[in-house]
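Since the structure comes first, as structure tokens, the remarks are kept for the end.
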Amino acid sequence: MNGRTAEGGRQKADHPAPSAISIQPSAVWDALASVPDPEIPVVSITDMGMVRDVTVGDAGRVTVTFTPTFSGCPALHVIRESIEQAVRDLGVADVEVRSTLTPPWTTDWIGDDARERLRQYGIAPPAPTGEGQLIQLDAEPTRCPRCGSLNVRMTASFGPTLCKRMYVCDSCREPFEGFKSV
């Protein structure tokens with residue numbers, strides 16, 4: 001034959017399909033650790049505790065499940081696309097990104113080193129929420145991230161994002177953002 005079937009189409013070669021890339025979940029976690037929070041670039045999505053699960057299937061499919069900091073976060077599409085790209089950059093072709101709201105994200109999931117980077121960036125890190133509380137209606141005591149003073153006053157309940165409040169330090173007179181504890 002001349003490489004064509006009786007129907008006129010090309011014959012399929014007897015070559016096996018390329019094998020799926022073999023990747024370990026730890027490599028995916030490492031890649032996700034380099035994905036910055038789109039609103040606070042000094043911390044990653046893993047620093048913020050947004051990534052809940054990474055699974056690698058038998059066929060090489062990688063599924064990443066994340067919980068956004070707020071269900072109405074305007075950066076959800078950016079986070080989703082960044083997760084997908086970070087996994088694809090590892091050579092993975094089949095990537096699924098899932099978001100879940102259960103359990104709801106809490107500021108308690110922010111790592112200690114990320115809290116310090118937030119402070120150095122000029123954002124007061126959130127206080128621990130404690131057991132059994134869903135949301136705090138009263139603002140927790142907040143330290144100025146610049147001078148450490150508790151002599152601060154809240155100037156706005158909502159900052160540039162839903163997860164932050166605006167403050168002014170009466171000691172160093174600097175304005176700053178503070179993370180809400182949820």
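For reference, positions follow the sequence shown, starting with 1.
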Cluster link Val64 to Val78, ILVMFWY, side chain under 4.5 Å: no
Hydrophobic cluster membership, Met166 vs Val152, 4.5 Å side-chain cutoff: no
Donor + acceptor pair across side chains of Thr63, Arg98 (<3.5 Å): no
Side-chain heavy atoms of Cys144 within contact of Ser171, under 4.5 Å: no
Connected via hydrophobic side-chain network under 4.5 Å: Met48 and Val97: yes
Residues that Phe66 engages under ring pair (Phe, Tyr, Trp, His ring centres under 6.0 Å), provided they are two or more places apart: none
Taking every non-hydrogen atom, the tightest pair across Ser157 and Arg165: O-CG, 3.3 Å
Pro125 side chain reached by Ile110 side chain, heavy atoms, under 4.5 Å: no
From CG (Leu90) to CD (Gln85), nearest 0.5 Å: 10.0 Å
Point-to-point distance, once rounded to the nearest 0.5 Å, from CZ of Arg115 to CD1 of Ile123: 13.0 Å
Taking only distance into account, with no hydrogens and no angle test, what donor-acceptor pairs under 3.5 Å do side-chain atoms of residues 31-43 form with protein atoms, sequence neighbours excluded?
unit_1 : atom_1 : unit_2 : atom_2 : d
Ser34  : OG     : Ala31  : O      : 2.7
Asp37  : OD1    : Glu39  : N      : 2.7
Asp37  : OD1    : Ile40  : N      : 3.1

Flag side-chain contact, heavy atom, 4.5 Å: Trp109 against Pro103: yes
Nearest atoms (heavy-atom pairs only) where Cys172 meets Arg146: SG-CB, 4.4 Å
Spacing of Thr67 atom OG1 and Leu101 atom CG [to the nearest 0.5 Å]: 7.0 Å
Whether Tyr167 and Phe176 hold their rings parallel, tilted or perpendicular, with breakpoints at 30° and 60°: parallel
Separation of Thr69 OG1 from Ile79 CD1 (nearest 0.5 Å): 6.5 Å
Inter- and intrachain pairs under side-chain hydrogen bond (donor to acceptor under 3.5 Å, both in side chains), touching residues 24-33, at least two apart: none
Hydrophobic cluster identity match, Val51 and Ile23, side-chain contacts under 4.5 Å: yes
Separation of Lys164 NZ from Glu177 CD (nearest 0.5 Å): 4.0 Å
From Asp89 atom CG to Glu84 atom CD, the distance as rounded to the nearest 0.5 Å: 10.5 Å
